[in-house]
Amino acid sequence: MSEGVGTVEASALAVRRPLIEKSDPFAIASSVRSDLVGAFAGKRYLIRTYGCQMNEHDTEVMAGLLQVMGYSPAHDEMDADLILFNTCAIRENAENKVFGEVGRVRPLKHRNPELLIGLCGCMAQEKAVQAKVAKTYPWIDLVFGTHNLHRLPELIDMARASQDTVMEVWDKAQYLIDDLPKARKEGVRAWVNIQYGCNKFCTYCVVPYTRGRERSRTLSSILEEVRALGQTGFREVTVLGQNVNDYGIDLGGPDFADLLRAVGRVDGIERVRFMTSNPWNFTDRVIAAIAETPAVCEHIHLPVQSGSDAVLRRMNRGYTTEYYWRLVQKIRAAIPGVALSTDIIVGFPTETERDFADTLELVRDAQFDVAYTFIYSPRQGTPAARFEDPITPEQKKDRLNRLMDLQNGISRTYNERLVGQTVEVLVEGVSRTNENVLAGRTRTNKIVLLKAPKTIVHQTVSVTIESAQTWTLRGQVPSTPAGVSAGATA
Ligand code: 5AD
Ligand code: SF4
């Protein structure tokens, strides 16, 4: 979770000329209504963001719109005139947490009667959440869905004039809104949407319902954004979509391999990453594009979800473990030193101990650098929520612990192998937990902590790894003067 964002890109401060690409059937003009530009000067906003990178990026877009309206970032809740909860619906515990937080900020309305409280993101798309707001949280001023983001200025305008909750949630995207201002976090890394929605309908997943069908942005519009990032000092770009290897299919091309090669050629962008790939449709063309484009990093997040074919079938994942295993081997053969990470769900309805043993075996064989592991959480409206589920919560927790133990050992071994080696690190800034320590990442997405002068922040440096833990490495920049070394607690 994060909150507040940096300053709006200079180019976004002007009311933008609408960009309509004729080749893009969804593109529409998108800018803030002229009477709302600057109309909220002096007001402050706070956005609490939950969930995935896609949500983080939506927060940047909302912050951009708000800053065009005159809002500036608040220091904290007490100081805010607008608090937005940008929510995640992927698992139930995320939802419960949000309602708790929303309730907690309600008393702030007594101190500041003009305070607007809003709920947006994936939870807002759910009919049950809309009903819960209407019944139990009628004092929430504003509810809007993932397809209504661009409407934020007008919705705020309506909410401040209304006694009732202003609720606007479109079931599906009516347009692909392509040219919204963004207030990006300061730094060297930026995230760029290339595709919205998902067509895969994995039986456990709420995303196709909350984010709609796959819609790709045009390559020219993506490249325009990436070039602007390169020109303004960003060094790393992560292209984002729920299912990036389907990029371009809805437009009839170019495809994801073409996109990676094109983004990899943009001046100033040293590193290109992508999230998330489905193993299905991870083509040889994409593997070749990663292997042959120097800027594209040797890290692939390739969610497997389960090591049991029976479970994969019930999940509607569209591939078998054999297919996945062959894909992993092809990737490792084509991209030397590649790091693979994955997502795994344990306790999917009717997952047997045998199915789970197959998952452990796959994890042992595939040797992922990192695995994000989750206990299955039933989501209303998804097919799996209706499946019989005889596994007890204790069994699920036990499986999760066993899986985490296995994976933590593998992750640690990978990191320990790096001790003594020199790796390229893009220094992102000061560590979140210790301001005397800098933090950066290797091309393979491993976090490296260093004690070094702040002058190297935002630079790419060679770092010798000195020690390793499960999640982090500690290193030293060889040219760092004696006496300044890694090893501080971060
Ligand atoms: N329960 C548990 N985990 C889930 N994920 C998606 N939906 C669910 C669910 N209902 C996990 C998947 C996905 C990751 C982002 O979240 O592993 O890849
Ligand atoms: Fe959800 Fe499956 Fe789409 Fe991923 S591919 S967003 S898990 S439906």
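First listed ligand is number 1; within each ligand, the first listed atom is number 1. These numbers were taken from a predicted model, which means no experiment stands behind them.
- For ligand 2, the atoms closer than 4.0 angstrom to any heavy atom of Tyr204 are 7 (S).
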* **Residue pair Phe201, Tyr209: steps toward the ring pair (Phe, Tyr, Trp, His ring centres under 6.0 Å) verdict** => CA-CA 9 Å; Phe201 287 94; Tyr209 309 93; 5.5 Å; yes
* Can Arg364 and Glu361 be said to form a salt bridge (Lys or Arg N to Asp or Glu O under 4.0 Å), step by step? -> CA-CA 5 Å; Arg364 232 174 263 122; Glu361 191 180 320; 5.8 Å; no
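- Nearest heavy-atom pair, Thr87 versus Ala124, reported as atom, atom and distance to 0.1 Å: OG1-N, 4.1 Å.
- Ring to ring, Phe99 and Tyr137 are close: their centroids are under 6.0 angstrom apart.
- For atom 2 (C) of ligand 1, the nearest protein heavy atom (residue, atom name, distance) is Ile375 O, 3.4 Å.
- For His301 and Tyr372, the ring centers are positioned less than 6.0 Å apart.
- Annotation: cation-pi geometry satisfied between Lys446 and Tyr414 (NZ/CZ under 6.0 angstrom from ring centroid, within 45° of ring axis).
- Closest protein heavy atom to atom 10 (N) of ligand 1: Ser377 O, 2.8 Å.
- Near Ile345, with a cut-off below 4.0 Å to any heavy atom, the atoms of ligand 1 are 3 (N), 4 (C), 5 (N), 12 (C), 17 (O).
- Side-chain atoms of Ser411 and Thr470 include no donor-acceptor pair closer than 3.5 Å.
- Heavy atoms from both the backbone and the side chain of Tyr204 come within less than 4.0 Å of ligand 1.
- No close placement of the Phe282 and Tyr319 rings is indicated, their centers lying 6.0 Å or farther apart.
- Salt-bridge check for Glu92 with Arg379: failed, with every basic side-chain N at 4.0 Å or more from each acidic carboxylate O.
- Considering only heavy atoms from C-beta on, Thr442 stays 4.5 Å or farther from Glu424 through its side chain.
- Nearest-heavy-atom check against atom 13 (C) of ligand 1 across Asp343, Ile90, Asn93 picks out Asp343.
- The distance from ligand 1 to the heavy atoms of Gln305 drops below 4.0 Å at these ligand atoms: 12 (C), 13 (C), 17 (O), 18 (O).
- A cation-pi arrangement, defined by a distance under 6.0 Å to the six-membered ring centre and an angle within 45 degrees of its axis, is absent between Lys97 and Tyr50.
- Atoms of ligand 1 lying under 4.0 Å from at least one heavy atom of Arg91, given by number and element, are 1 (N), 2 (C), 3 (N), 4 (C), 5 (N), 11 (C), 16 (O).
- Excluding waters, the set of protein N, O or S atoms lying under 2.8 Å from atom 2 (Fe) of ligand 2 comprises Cys202 SG.
- Residue-ligand proximity, Arg379 to ligand 1, at heavy-atom distances under 4.0 Å covers atoms 10 (N).
- Heavy atoms of Thr382 found under 4.0 angstrom from ligand 1: none, in either backbone or side chain.
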